[in-house]
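Chain A is the first sequence line, chain B the second, and so forth, proteins listed ahead of strands; every chain is numbered from 1.
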2 protein chains.
Amino acid sequence: MNAVTIKDVAQAAGVSSATASRVLSGHPSTSAASREKVEAVARELGFVPNAQARSLRSTKTDTIALLISDVRNPYFSVLAHAIEQSAHEAGLMTFIGNANEDSAQQDQFLAAMLSRRVDGLIVVPQGLDQAAQRPSEMMSRIVASGTPMVFVDRTLRGIEIPSLTASSAHALEAAIAALTSLGHRRIAFIGGPDHASTARERHLAFDAALAANGLPSDPALHFAGDFKAGSGAQGARWLLAHPAAPTAVVIADAPMAIGALTVWREAGLKISRDLSVITFDEVDAMLMHDPPIATISHDLTLMGRAAVAALQAVMAGQNPERREFSSHFTQRESLGPAAASPGAMMEGMPTHE
Amino acid sequence: MNAVTIKDVAQAAGVSSATASRVLSGHPSTSAASREKVEAVARELGFVPNAQARSLRSTKTDTIALLISDVRNPYFSVLAHAIEQSAHEAGLMTFIGNANEDSAQQDQFLAAMLSRRVDGLIVVPQGLDQAAQRPSEMMSRIVASGTPMVFVDRTLRGIEIPSLTASSAHALEAAIAALTSLGHRRIAFIGGPDHASTARERHLAFDAALAANGLPSDPALHFAGDFKAGSGAQGARWLLAHPAAPTAVVIADAPMAIGALTVWREAGLKISRDLSVITFDEVDAMLMHDPPIATISHDLTLMGRAAVAALQAVMAGQNPERREFSSHFTQRESLGPAAASPGAMMEGMPTHE
DNA sequence: TTGTAAGCGTTATCAG
DNA sequence: CTGATAACGCTTACAA
């Protein structure tokens with residue numbers, strides 16, 4: 001392995017390890033002579049400082065950890081990329097971990113990170129402890145220990161932590177307005193799992209947008225998914241069999257939308273003519289669809305940058321305020337006029353067994 | 001912060017720090033009495049061992065690093081997820097880093113990981129050093145230092161490292177056979193960047209598959225993209241304007257396919273009738289497309305598991321053999337008969353300015 | 001089984 | 001500006 005230590009460098013350069021250390025970590029009190037010699041020798045020997053030892057002494061690691069739900073969800077992979085790039089610019093290394101929407105895995109990752117003494121944590125919290133309906137013990141412990149932490153995307157009930165979240169109100173109002181002006185009255189919602197605050201927020205904002213447009217909110221038009229493609233497909237079948245035959249639908253994330261659109265394509269539905277569709281999350285695949293799907297999106301790059309900035313503020317002892325990021329509605333051809341006669345969309349469609 | 005050390009635990013439990021250490025790391029030589037007391041105190045005080053100090057002493061970190069090109073590419077996010085899960089089962093923590101197809105960023109990440117003394121590296125190598133056409137200095141240094149490392153997905157010319165790669169020959173032969181039996185003779189290829197070994201392999205296998213089916217390989221039917229959506233769109237426009245009017249196309253990854261399909265949809269092309277399309281990488285969006293797109297895919301979960309296993313073998317001092325994973329062709333409705341008259345596909349299409 | 005003490009590779013302190 | 005030395009938190013001979 002790489003057994004070359006700072007002592008080896010110092011010896012080869014004919015100086016003490018203290019001087020070598022000063023040169024290698026850019027301390028001002030060094031002579032040009034020793035600087036040159038040490039640097040040359042270090043390069044030649046291929047010296048790689050041992051970050052373990054360094055941070056054991058200096059108690060900082062220049063490393064942060066990012067916990068997300070699932071890298072495979074484009075929403076999170078884009079967010080993760082933004083955070084990593086932003087942290088990188090600030091001289092911070094980022095460790096990314098997956099929780100798979102599971103609070104046990106979340107806690108395991110957090111424990112590992114704590115034991116590695118990362119300087120801070122950016123967390124997409126994974127919901128409440130199922131049994132007790134309260135934040136997990138690990139989460140409470142981190143808060144108690146005072147480790148710098150910020151939440152991004154989601155929040156946790158009962159935990160006061162600086163957080164960067166997305167508000168869907170603005171875009172949803174525009175989206176529902178667009179639908180109602182096209183004559184839609186029965187608008188379904190395929191939502192996320194209730195333990196995720198984003199799922200609750202999107203659902204509440206949906207209902208509020210209905211109200212703002214003079215429509216009642218109807219629990220029978222709500223399908224509870226889990227943010228994954230499979231549940232989107234289930235939601236699509238649920239909608240096809242729905243007695244009220246909704247003429248439009250809003251889907252709470254991209255994987256579910258892709259699952260749903262696949263089912264509707266198989267069923268021979270023509271989006272826009274038979275069903276108007278709006279989905280959360282702007283992913284390229286939505287532009288590939290025929291017709292392209294209208295989206296509600298957030299600026300994840302902005303949110304990611306803000307998360308890093310907020311974490312740095314916390315690390316500096318400040319208390320950054322919560323920030324909510326607005327959403328944007330992009331109208332596309334997936335919106336069409338509501339079908340003239342209720343149930344028209346079911347014409348000529350294969351029956352479901 | 002978390003200032004509770006093993007000394008605090010030892011003191012509170014009335015034993016020496018050595019005994020506390022033995023208890024906490026499961027050493028057999030401990031009395032039931034001290035075991036109980038130490039464990040109780042540790043829990044009560046919320047003791048979190050300092051991994052830095054531990055591995056400074058024991059020179060192992062139970063941590064591996066994974067370097068990929070871009071988390072936002074589903075191919076890599078799926079691979080990363082598989083590797084992480086598999087490592088997790090083996091008691092290893094995984095640090096994921098992005099190189100963005102850039103060998104400078106790759107080297108920076110590798111340096112950071114080396115300085116953190118990870119036990120091993122799983123790397124999707126980021127191509128040759130542009131100027132010198134040889135592996136980067138960092139890469140050579142790692143090899144020289146003997147740090148356990150395996151390559152996954154790609155290889156690097158001139159570097160002998162255990163590697164897990166994907167072979168496309170099998171699936172491509174089946175794919176081209178399917179196309180030729182439908183009458184296709186002018187089959188285009190939208191490929192990846194030449195510095196990626198996967199791009200070269202896919203291109204070579206494509207040519208070989210043509211030959212196996214009695215078709216000549218024509219450089220004029222090859223478009224060099226960069227594995228990202230934008231170049232897929234460029235490739236799509238290139239194909240639309242192509243004098244030979246290819247009747248089918250194979251695309252070397254999913255992001256490019258999505259970019260290309262978007263352009264073709266905008267141009268009013270009907271996939272299967274006007275153009276037959278096959279893409280590498282199985283992503284859900286391909287099933288959503290109308291018609292669903294035929295794919296050439298690899299079992300990334302299998303490849304990820306094998307990568308972790310191979311790395312463990314290297315860490316154990318063995319020398320695992322290279323392994324190549326076969327590919328699978330999934331025929332779907334995106335394949336149709338070649339247009340009867342050459343140029344038929346251009347009928348009624350908007351001209352490009 | 002337990003305690004003492006040395007040491008992992010750095011950086012910080014304090015004289016010189 | 002430089003060098004000796006202690007200290008970071010933990011593990012592990014070596015003795016007891």
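In terms of heavy atoms, B:Glu84 sits closest to B:Thr94 at CA-OG1, 3.9 Å. Annotation for A:Gln106 and A:Val124: closest pair OE1-O, 4.3 Å, computed over non-hydrogen atoms. In terms of heavy atoms, A:Phe227 sits closest to A:Asn73 at O-ND2, 4.4 Å. Summarising the geometry of A:Met139 relative to A:Val123, their closest heavy-atom pair is CE-CG1, 4.1 Å, with the distance given to 0.1 Å.
Residue-level contact check: B:Ser31 touches the backbone only, with heavy atoms under 4.0 Å from sugar-phosphate atoms and none from bases. Among the protein residues, B:Thr30 comes within range of the sugar-phosphate backbone only, with heavy atoms under 4.0 Å from sugar or phosphate atoms but none that close to a base.
Taking atom CD on B:Glu36 and atom P on C:dT1, their separation rounds to 15 Å, with Å as the unit.
An OP1 or OP2 oxygen of D:dC8 is reached within less than 4.0 angstrom by no side-chain nitrogen or oxygen of A:Ser55. At least one side-chain nitrogen or oxygen of B:Thr19 sits closer than 4.0 Å to the OP1 or OP2 atom of C:dG3.
Atom CG of A:Asp62 and atom CZ of A:Arg54 lie 8.0 Å apart (nearest 0.5 Å).
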(message) For nucleotides 6-16 of chain C, give me one character per nucleotide, 5' to 3': B if any protein heavy atom sits under 4.0 Å from the base, S if the only such contacts are to the sugar-phosphate, - if neither.
(response) BBBBBBBB---
(message) Between B:Thr30 and B:Arg35, is the side-chain hydrogen bond (donor to acceptor under 3.5 Å, both in side chains) condition met? List the steps.
(response) CA-CA 6 Å; B:Thr30 48; B:Arg35 227 173 302 150; 3.1 Å; yes
